[in-house]
Amino acid sequence: MLFRLSVLSLALLLIGAVHSSPAFAQAEEQAAEQAEEQAASYSRRGADGCIGCHRRWEVPLMGIFETPHGNPHDPRSPFGEKQLQCEACHGPGDAHGGRVARGDPRPPIINFGSDAWTPIPQQNAMCLQCHEGHVGEQWAGSAHDVNTVACADCHSSHPVKDPMLDKRTQSEACYACHANVEAHFMKPSAHPVRQGQVGCTDCHKPHGSDADGLLVRSTVNETCFTCHAEKRGPLVWEHAPVVEDCSNCHDPHGAVHPAMLTRRPPLLCQSCHTPSGHPSVPYDSNDLATGSASPFLLSGNCLSCHTQVHGSNHPSGKALMR
Ligand code: HEC
Ligand code: HEC
Ligand code: HEC
Ligand code: HEC
Ligand code: HEC
Ligand code: HEC
Ligand code: HEC
Ligand code: HEC
Ligand code: HEC
Ligand code: HEC
């Protein structure tokens with residue numbers, strides 16, 4: 001453990017160097033003692049010591065050596081040269097891994113996830129030591145940060161593959177807290193998240209975003225256009241609610257109605273449009289009985305005439321019919 005030796009010798013050097021002012025000397029001595037204590041509180045055997053006890057009963061533990069965190073050639077990784085190995089994340093572990101008198105509890109060590117004893121801000125700080133750069137900037141003040149969600153509620157460090165980094169597996173961890181969202185994706189018409197074609201991260205930035213709802217783009221529509229670019233326009237004849245917000249008519253996660261519509265047409269359309277626009281609109285069954293039903297009802301669906309519900313580029317497409 002080269003790193004620890006050098007911290008120690010630095011501390012000794014400091015102690016040796018203080019002779020001038022007594023108050024100053026005292027402060028420096030204290031600092032040196034602290035540094036020594038700190039250095040000593042990390043285990044001397046590093047990962048070897050931890051694994052000696054732990055590999056026997058925790059199966060996925062060793063997977064970490066196949067992840068970027070276990071890469072000995074990356075000087076920034078916990079297992080890079082001069083790094084603290086397991087203790088880079090779990091914190092000083094000398095006391096925890098040391099001798100314990102029979103019947104005494106083993107001193108605790110930092111552990112991860114919502115169920116762990118370690119307070120979540122302290123857990124996250126361990127990760128942010130190294131990930132402050134790009135993750136931390138988004139994270140601070142995000143919906144997940146202010147609700148004290150732990151990095152480890154989503155991420156796993158020990159399995160060979162962190163499920164978060166794969167669209168096909170990330171949703172499971174999200175559903176643990178967002179059960180209502182899972183219910184939407186189970187509905188008959190939904191974005192193919194279950195099929196692994198679309199992931200939460202196609203639309204959301206879980207670490208934080210400038211947009212509402214942690215969206216990847218500044219608005220709902222801009223988010224949708226990343227895949228449905230043909231709906232962007234500009235069009236000669238626009239349909240106002242489409243320009244405003246796709247979720248006026250669609251549930252972005254999933255719905256019971258075809259095409260993820262929030263309601264079934266004509267009810268959807270009638271939630272904004274009164275029948276008065278049409279020359280003759282027999283909406284009640286009396287009209288049917290008298291045989292005077294107009295084609296507006298018999299066709300059953302506004303869409304059979306107004307096919308261009310997202311807008312039209314046809315010169316005479318004002319009524320969204322062509
Ligand atoms: C002498 C054996 C031994 C050594 C060495 C050891 N541990 Fe442990 N560790 C244990 C035991 C036993 C437990 C279960 C403790 C308990 O339930 O109180 C444990 C628990 C843990 C936990 C879970 C803590 C919790 O609160 O649930 C973590 C994380 C951990 N050890 C990490 C490490 C790391 C990292 C090292 C190396 C710095 C290490 N251990 C060294 C025996 C050891
Ligand atoms: C000692 C520094 C260090 C600590 C502490 C650390 N990481 Fe990392 N982490 C890295 C490095 C280095 C990489 C590789 C980055 C790269 O390749 O650009 C990495 C990569 C990752 C990745 C991407 C992994 C992949 O397979 O691509 C995730 C996710 C991650 N870290 C999460 C965490 C979490 C969560 C914690 C806290 C439990 C944590 N890290 C603690 C240094 C660290
Ligand atoms: C709500 C779930 C969630 C939380 C909480 C979370 N992450 Fe992530 N993280 C993800 C997902 C999902 C990805 C994959 C991003 C992608 O594919 O676009 C990711 C990717 C990463 C990566 C690697 C990819 C990259 O962005 O460079 C790192 C490193 C990382 N997270 C670190 C952290 C740290 C550190 C924390 C805690 C401060 C944290 N994450 C909290 C879900 C989360
Ligand atoms: C990149 C940060 C990181 C490093 C490095 C790391 N761990 Fe972990 N460890 C975690 C996280 C996060 C968890 C929570 C479970 C998970 O994500 O897989 C965990 C869980 C554990 C547990 C399980 C505790 C429990 O509740 O059952 C043990 C034991 C453990 N780690 C030991 C080790 C040992 C031994 C090493 C070194 C070989 C090590 N860890 C290196 C982040 C790390
Ligand atoms: C440990 C619990 C937990 C996990 C895991 C989790 N979240 Fe969250 N999430 C929350 C909490 C708490 C909030 C804030 C309260 C709320 O809006 O429900 C939140 C809010 C959100 C929001 C809404 C933000 C807003 O401004 O309205 C989105 C989007 C979100 N999470 C997406 C995700 C995604 C995607 C994942 C998985 C990658 C995920 N969450 C995993 C707890 C979690
Ligand atoms: C096709 C894009 C898309 C996908 C994929 C997607 N979301 Fe969303 N999500 C949205 C939009 C749009 C909103 C509404 C945001 C707003 O207006 O605030 C939203 C809102 C949310 C909210 C807050 C409101 C609510 O319904 O509770 C959560 C939490 C959430 N999404 C989680 C998830 C999770 C978890 C996944 C993956 C399983 C996911 N989303 C996948 C687009 C998407
Ligand atoms: C990551 C790409 C992606 C993003 C972003 C995206 N979608 Fe989709 N969308 C898809 C895919 C893939 C399908 C399925 C196409 C298929 O099954 O043929 C789809 C299908 C749909 C459907 C038709 C469903 C059906 O049953 O016919 C609607 C409506 C839809 N998306 C609306 C939206 C809305 C609204 C947004 C923005 C909140 C959005 N999409 C964002 C990829 C995306
Ligand atoms: C006024 C209501 C309304 C709004 C707002 C709306 N849509 Fe639609 N959308 C519909 C209806 C109705 C259908 C079903 C069309 C059909 O069955 O022919 C549909 C179908 C779709 C489909 C699948 C069929 C196709 O045309 O590709 C996609 C994708 C889609 N909408 C995307 C979007 C996007 C993206 C937005 C926002 C820019 C949006 N919609 C806004 C009503 C709306
Ligand atoms: C969220 C409210 C809303 C919903 C839902 C909605 N519309 Fe509209 N629609 C509008 C608004 C606002 C206008 C613009 C009215 C104006 O310019 O006077 C409009 C315009 C139209 C026009 C063009 C009228 C003209 O000649 O200027 C047609 C046709 C139309 N809608 C049909 C539909 C159909 C069909 C549906 C159902 C698929 C529907 N609308 C759903 C709000 C809505
Ligand atoms: C049989 C075909 C047909 C059906 C079905 C139909 N419409 Fe129309 N709609 C028309 C025609 C034709 C016009 C007049 C177009 C024009 O003036 O150029 C029109 C005009 C409109 C207008 C514009 C009225 C205005 O003030 O200028 C709206 C809004 C509208 N329809 C909504 C709906 C809604 C909502 C439904 C379903 C409840 C519906 N339409 C069903 C054919 C139809």
Side-chain angles (χ1 to χ4, degrees), residues 167 171 181 183-205 209-322:
K167 275 184 202 178
S171 50
V181 174
H184 278 86
F185 280 110
M186 298 303 283
K187 289 178 177 171
S189 174
H191 270 113
V193 163
R194 260 186 301 152
Q195 295 79 350
Q197 275 171 266
V198 172
C200 312
T201 47
D202 283 318
C203 296
H204 296 291
K205 286 167 83 173
S209 126
D210 295 333
D212 286 343
L214 299 176
L215 291 178
V216 294
R217 293 287 189 278
S218 56
T219 62
V220 171
N221 282 25
E222 286 301 326
T223 302
C224 310
F225 296 153
T226 60
C227 295
H228 300 289
E230 80 287 353
K231 298 281 188 289
R232 181 191 284 274
L235 298 166
V236 178
W237 305 105
E238 286 175 333
H239 192 189
V242 177
V243 178
E244 189 190 66
D245 193 327
C246 309
S247 48
N248 277 325
C249 299
H250 296 289
D251 186 318
H253 294 154
V256 291
H257 307 299
M260 297 179 226
L261 292 172
T262 51
R263 312 170 85 169
R264 187 182 292 278
L267 288 180
L268 172 70
C269 315
Q270 287 168 325
S271 67
C272 293
H273 293 288
T274 60
S276 58
H278 288 110
S280 150
V281 189
Y283 279 109
D284 67 89
S285 47
N286 288 339
D287 297 299
L288 276 178
T290 59
S292 67
S294 87
F296 301 116
L297 179 65
L298 292 181
S299 57
N301 190 330
C302 321
L303 294 170
S304 49
C305 294
H306 301 287
T307 53
Q308 305 307 110
V309 67
H310 298 105
S312 167
N313 261 334
H314 194 281
S316 51
K318 182 173 183 296
L320 309 179
M321 290 169 58
R322 54 181 101 197

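Remember, it's 1-based here, ligands and their atoms both numbered in the order they're listed. Start at 1 with the first residue, then count along the sequence.
Set against the non-hydrogen atoms of Leu268, the atoms of ligand 9 under 4.0 Å away are 5 (C). Close contacts between ligand 9 and Cys302 involve ligand atoms 35 (C) [criterion: under 4.0 Å to a heavy atom]. Atom numbering of ligand 8 starts at 1 in the shown order; those under 4.0 Å from a heavy atom of Phe225 are 38 (C). Ligand 8 places these atoms under 4.0 Å from at least one heavy atom of Pro241: 1 (C), 5 (C). The ligand atoms of ligand 8 that sit less than 4.0 angstrom from a heavy atom of His228 are 29 (C). Near Leu303, with a cut-off below 4.0 Å to any heavy atom, the atoms of ligand 8 are 12 (C). Of all atoms in ligand 9, listed by their number and element, those nearer than 4.0 Å to a heavy atom of His306 are 29 (C), 35 (C). Set against the non-hydrogen atoms of Cys272, the atoms of ligand 9 under 4.0 Å away are 1 (C), 2 (C), 3 (C), 4 (C), 5 (C), 42 (C), 43 (C). Near Cys224, meaning under 4.0 Å from one of its heavy atoms, ligand 8 places the atoms 35 (C). Atom numbering of ligand 10 starts at 1 in the shown order; those under 4.0 Å from a heavy atom of Cys269 are 35 (C). Taking a cut-off of under 4.0 Å to the non-hydrogen atoms of Pro266, the atoms of ligand 10 that pass are 38 (C).
With a 4.5 Å cut-off on side-chain heavy atoms, Arg263 and Ser271 count as touching. Taking 4.5 Å as the limit, some side-chain heavy atom of His250 sits within range of a side-chain heavy atom of Leu261. Between Met186 and Arg194 there is a side-chain heavy-atom pair separated by less than 4.5 Å. Between Lys205 and Leu215, the closest side-chain pair of non-hydrogen atoms is not below 4.5 Å. Residues Val309 and Leu303 form a side-chain contact, since some pair of their non-hydrogen atoms from C-beta on lies under 4.5 Å apart. Contact check for Pro266 versus Cys302: side-chain heavy atoms found under the 4.5 Å cut-off.
Using a 4.0 Å threshold on non-hydrogen atoms, atom 24 (C) of ligand 8 does not count as touching the protein. For atom 9 (N) of ligand 8, a protein non-hydrogen atom is found at a distance below 4.0 Å. For atom 27 (O) of ligand 9, a protein heavy-atom neighbour is found at a distance under 4.0 Å. The presence of a protein heavy atom under 4.0 Å from atom 32 (C) of ligand 9 is confirmed. Protein heavy atoms are found inside the 4.0 Å sphere centred on atom 6 (C) of ligand 9.
Here atom 8 (Fe) of ligand 8 has protein N, O or S atoms under 2.8 Å from it, and they come to 2.
Looking only at atom types and distance, the side chain of Asp245 has a donor-acceptor partner in the side chain of Ser247 under 3.5 Å away.
The two residues His306 and Met321 have their closest heavy-atom pair at ND1-CG, 3.4 Å. Nearest heavy-atom pair, Ala190 versus His184, reported as atom, atom and distance to 0.1 Å: CB-O, 4.0 Å.
Under the 3.5 Å distance criterion, the side-chain polar atoms of Ser209 are left unmatched by any main-chain donor or acceptor of Val216. Using modelled atom types, no side-chain atom of Ser189 and backbone atom of Ala255 make a donor-acceptor pair closer than 3.5 Å. In this structure a side-chain-to-backbone donor-acceptor pair under 3.5 Å is present from Asn221 to Val242. Formation of a donor-acceptor pair under 3.5 Å by the Asp251 side chain with backbone atoms of Met260 is not found in this model. No donor-acceptor pair under 3.5 Å is formed between the side chain of His239 and the backbone N or O of Pro241. Trp237 places no side-chain N or O within donor-acceptor distance of the main-chain N or O of Ala319, the cut-off being under 3.5 Å.
Under a 4.0 Å heavy-atom criterion, Ala319 is in contact with ligand 9. Not a single heavy atom of Lys318 lies less than 4.0 angstrom from ligand 10.
Partner Val243 forms a side-chain contact (heavy atoms from CB on, under 4.5 Å) with one of Arg232, Glu238, His310 and no other, that one being Glu238.
Looking only at heavy atoms of the protein, atom 12 (C) of ligand 9 is closest to Ala240 CB, 3.8 Å. Protein heavy atom at the shortest distance from atom 22 (C) of ligand 9 is Leu320 CD1, 3.8 Å.
For the atom pair CG of Leu268 and NE2 of His273, the computed distance is 9.0 Å after rounding to the nearest 0.5 Å.
For residue Cys305, no N/O/S atom approaches atom 8 (Fe) of ligand 10 to within less than 2.8 Å.
The part of His239 lying near ligand 8 is the side chain, judged by heavy-atom distances below 4.0 Å.
Residue His273 has at least one nitrogen or oxygen atom sitting less than 3.5 Å from a nitrogen or oxygen atom of ligand 9, judged on distance alone.
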